[in-house]
Amino acid sequence: MDLISTASWKSAWRGYEYFKQGKVKAFVQTDKSHFRGFVSGSGPEPYDVTIDIEHPKRSKCNCAFASGKYLVCKHMVALFFAAYPEEAEIYIAEVECQQQEAEEYQEKIYDLAEKRIRKMTKAEAQQALYEMVFDAPDWMFERFVRDWVENDRDQ
Ligand SMILES: [Zn+2]
């Protein structure tokens, strides 16, 4: 999993998609820690990709993102998953687990916020509102003015 953790979140996710879409056209293991393969991308020619499992930053790809740099690109990730499909299963299970945790956290925090708002005294609510309205981005302040200041003036 080291190559995956070396990649950015975005490269790991795009690499997973590339692997699933069958963009790894061919690959061979060249020695204990190296794989070389061809991964199709946006251009007409597939990219020539070599991954180093022991030293992921020494992996090579001739795409614009990674060429000449010590970066793990989506093509390297796709090749890694082609070589180790069980790692792709682990990766997607972790991503799904993180998403579920994030959703659960979000639900819980909404629930707590709603409960807290219900329990607020008028002074607390006004204080919170003052802070929000005067720290808010312009659109929020304008909405407050539209909904609560101008309407009030019309009455
Ligand atoms: Zn690449």
Side-chain angles (χ1 to χ4, degrees), residues 1-24 33 35 37 39-43 47 49-155:
M1 211 59 183
D2 205 43
L3 186 135
I4 301 308
S5 51
T6 306
S8 70
W9 190 89
K10 197 179 167 195
S11 291
W13 176 249
R14 295 288 292 136
Y16 176 79
E17 288 185 323
Y18 269 36
F19 161 66
K20 279 292 181 188
Q21 290 162 1
K23 291 191 184 248
V24 181
S33 59
F35 290 84
V39 181
S40 57
S42 39
Y47 294 111
V49 188
T50 300
I51 54 170
D52 183 331
I53 303 305
E54 281 177 25
H55 307 284
K57 288 191 173 178
R58 290 188 201 161
S59 301
K60 295 200 176 346
C61 175
N62 61 348
C63 74
F65 177 74
S67 182
K69 303 183 195 88
Y70 296 100
L71 287 171
V72 173
C73 67
K74 59 193 173 188
H75 311 106
M76 297 169 189
V77 172
L79 176 57
F80 177 78
F81 285 149
Y84 299 99
E86 68 282 5
E87 292 289 346
E89 295 304 316
I90 293 168
Y91 169 76
I92 194 63
E94 282 176 359
V95 168
E96 282 168 359
C97 186
Q98 284 165 3
Q99 280 171 346
Q100 201 185 333
E101 277 172 16
E103 278 167 26
E104 282 168 9
Y105 176 76
Q106 189 81 336
E107 251 173 61
K108 198 172 129 194
I109 212 76
Y110 274 137
D111 199 45
L112 289 173
E114 200 187 322
K115 282 192 182 122
R116 185 63 188 95
I117 290 168
R118 283 182 203 279
K119 274 183 17 193
M120 275 178 159
T121 63
K122 186 180 174 185
E124 283 176 331
Q126 284 178 331
Q127 183 61 35
L129 190 57
Y130 270 128
E131 284 169 16
M132 275 191 203
V133 167
F134 293 107
D135 285 345
D138 289 347
W139 68 266
M140 234 180 186
F141 181 74
E142 283 158 19
R143 191 163 95 182
F144 177 79
V145 169
R146 195 176 61 235
D147 291 352
W148 294 97
V149 181
E150 290 178 346
N151 283 355
D152 195 41
R153 193 185 55 197
D154 293 343
Q155 280 162 15

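Remember, it's a predicted structure, so these values are computed and weren't measured experimentally.
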Trainee: Tell me every residue that passes salt bridge (Lys or Arg N to Asp or Glu O under 4.0 Å) with K119, counting only those two or more places apart in sequence or in another chain.
Mentor: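 If we apply the salt bridge (Lys or Arg N to Asp or Glu O under 4.0 Å) test to K119, skipping adjacent residues, there are no hits.
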
Trainee: Salt bridge (Lys or Arg N to Asp or Glu O under 4.0 Å) with R143: which residues, sequence neighbours excluded?
Mentor: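 By the salt bridge (Lys or Arg N to Asp or Glu O under 4.0 Å) rule, R143 matches no residue at all.
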
Trainee: Who passes side-chain contact (heavy atoms from CB on, under 4.5 Å) against Y70, sequence neighbours left out?
Mentor: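 Partners of Y70 by the side-chain contact (heavy atoms from CB on, under 4.5 Å) criterion, ordered by chain and then number, come out as K57.
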
Trainee: Report the residues that fulfil side chain to side chain donor-acceptor pair (under 3.5 Å) with E131, sequence neighbours left out, ordered by chain and then residue number.
Mentor: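 E131: side chain to side chain donor-acceptor pair (under 3.5 Å) contacts with Q127.
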
Trainee: Is a donor on one side and an acceptor on the other found under 3.5 Å between the side chain of S59 and the backbone of D52?
Mentor: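 It does hold such a pair.
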
Trainee: When rounded to the nearest 0.5 angstrom, what distance separates CD1 in I51 from CZ in R58?
Mentor: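 Nearest 0.5 Å value for the CD1-CZ distance: 15.0 Å.
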
Trainee: Show every salt bridge (Lys or Arg N to Asp or Glu O under 4.0 Å) that has at least one partner inside residues 97-111, sequence neighbours left out.
Mentor: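 Listed by first then second residue: D111-K115.
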
Trainee: Closest heavy-atom contact between C61 and Y47?
Mentor: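 The answer is SG-CB, 3.9 Å.
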
Trainee: Could you tell me whether a side-chain N or O of E124 sits under 3.5 Å from a main-chain N or O of T121, the two making a donor and an acceptor?
Mentor: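 Pair found, side chain donor or acceptor close to backbone of T121.
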
Trainee: Ignoring hydrogens, what is the shortest heavy-atom contact between M120 and A128? Give both atom names and the distance.
Mentor: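 For M120 and A128, the tightest heavy-atom pair comes out as CE-CB, 3.9 Å.
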
Trainee: Who are the side chain to side chain donor-acceptor pair (under 3.5 Å) partners of S40, not counting sequence neighbours?
Mentor: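 Applying side chain to side chain donor-acceptor pair (under 3.5 Å) to S40 gives none.
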
Trainee: Would you call M76 and L79 a side-chain contact if the rule is heavy atoms closer than 4.5 Å?
Mentor: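 M76 does not reach L79 side chain to side chain.
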
Trainee: Distance check, rounded to the nearest 0.5 Å: L112 atom CG versus I117 atom CD1?
Mentor: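 Nearest 0.5 Å value for the CG-CD1 distance: 11.0 Å.
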
Trainee: Please identify each residue that fulfils side-chain contact (heavy atoms from CB on, under 4.5 Å) with A88, with sequence neighbours left out.
Mentor: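 Residues passing side-chain contact (heavy atoms from CB on, under 4.5 Å) with A88: Y16, F19, F81.
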
Trainee: Say you draw a straight line from OG of S8 to CG of L71; how long is it, rounded to the nearest 0.5 Å?
Mentor: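 CG of L71 is found 8.5 Å from OG of S8.
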
Trainee: Y84: what forms a ring-ring contact (aromatic ring centres under 6.0 Å, His included) with it, not counting sequence neighbours?
Mentor: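 Y84: ring-ring contact (aromatic ring centres under 6.0 Å, His included) contacts with F35, F80.
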
Trainee: Could you list the residues that satisfy salt bridge (Lys or Arg N to Asp or Glu O under 4.0 Å) with E142, not counting sequence neighbours?
Mentor: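 For E142, no residue satisfies salt bridge (Lys or Arg N to Asp or Glu O under 4.0 Å) once neighbours in sequence are set aside.
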
Trainee: Mind listing the closest non-hydrogen atom pair of R146 and E150 along with its distance?
Mentor: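 Smallest heavy-atom distance, with atoms named: CA-OE1, 3.8 Å.
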
Trainee: Residues in side-chain contact (heavy atoms from CB on, under 4.5 Å) with K122, at least two apart?
Mentor: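 For K122, the residues satisfying side-chain contact (heavy atoms from CB on, under 4.5 Å) (neighbours in sequence not counted) are Q126.
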
Trainee: SG of C97 to CD1 of I92: how many Å apart, nearest 0.5 Å?
Mentor: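 One gets 11.5 Å once the value is rounded to the nearest 0.5 Å.
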
Trainee: So do the side chains of V39 and Y18 get within less than 4.5 Å of each other, counting heavy atoms only?
Mentor: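 They are in side-chain contact.
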
Trainee: Check whether any side-chain N or O of S5 sits under 3.5 Å from a backbone N or O of D2 as a donor-acceptor pair, and report yes or no.
Mentor: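 Side chain of S5 to backbone of D2: a pair is present.
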
Trainee: Could you pull out all residues at least two apart from F134 that satisfy side-chain contact (heavy atoms from CB on, under 4.5 Å)?
Mentor: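 So F134 forms a side-chain contact (heavy atoms from CB on, under 4.5 Å) with Y130, F141.
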
Trainee: Going from NZ on K74 to CH2 on W13, what distance comes out if it is rounded to the nearest 0.5 angstrom?
Mentor: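 Answer rounded to 0.5 Å: 14.0 Å.
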
Trainee: Say whether, by atom type as modelled, one donor and one acceptor occur between the side chain of K69 and the main chain of A64 under 3.5 angstrom.
Mentor: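 Such a contact is found between K69 side chain and A64 backbone.
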
Trainee: Are the side chains of K60 and V49 in touch, meaning some heavy atoms are under 4.5 Å apart?
Mentor: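 Result no, sub-4.5 Å side-chain heavy-atom pair not found.
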
Trainee: Would you call K20 and E17 a salt bridge, using N to O less than 4.0 angstrom?
Mentor: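 No, K20 and E17 are not salt-bridged.
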
Trainee: Could you pull out the closest heavy-atom pair between A7 and S11, with the gap in Å?
Mentor: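 For A7 and S11, the tightest heavy-atom pair comes out as CB-CB, 4.2 Å.
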
Trainee: Heavy atoms only: give me the nearest V77-A12 pair and the separation to one decimal.
Mentor: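 Heavy atoms only, the tightest pair is CG1-O, 3.7 Å.
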
Trainee: Counting only heavy atoms from other residues, nucleotides and ligands, does the tally under 6.0 Å from CG of D147 exceed 12?
Mentor: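 Result for CG/D147: enclosed.
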
Trainee: Quick one: pull up CD in E94 and OH in Y91 and give me the separation to the nearest 0.5 Å.
Mentor: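 Interatomic distance, E94 CD to Y91 OH, rounded to 0.5 Å: 9.5 Å.
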
Trainee: What's the verdict on side chain to side chain contact (heavy atoms under 4.5 Å, CB included) for V133 and M140, showing C-alpha distance, side-chain angles and the deciding distance?
Mentor: CA-CA 7 Å; V133 167; M140 234 180 186; over 6 Å; no

Trainee: Under the salt bridge (Lys or Arg N to Asp or Glu O under 4.0 Å) rule, collect the residues that match up with E54, sequence neighbours excluded.
Mentor: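 Only K32 meet the salt bridge (Lys or Arg N to Asp or Glu O under 4.0 Å) criterion with E54.
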
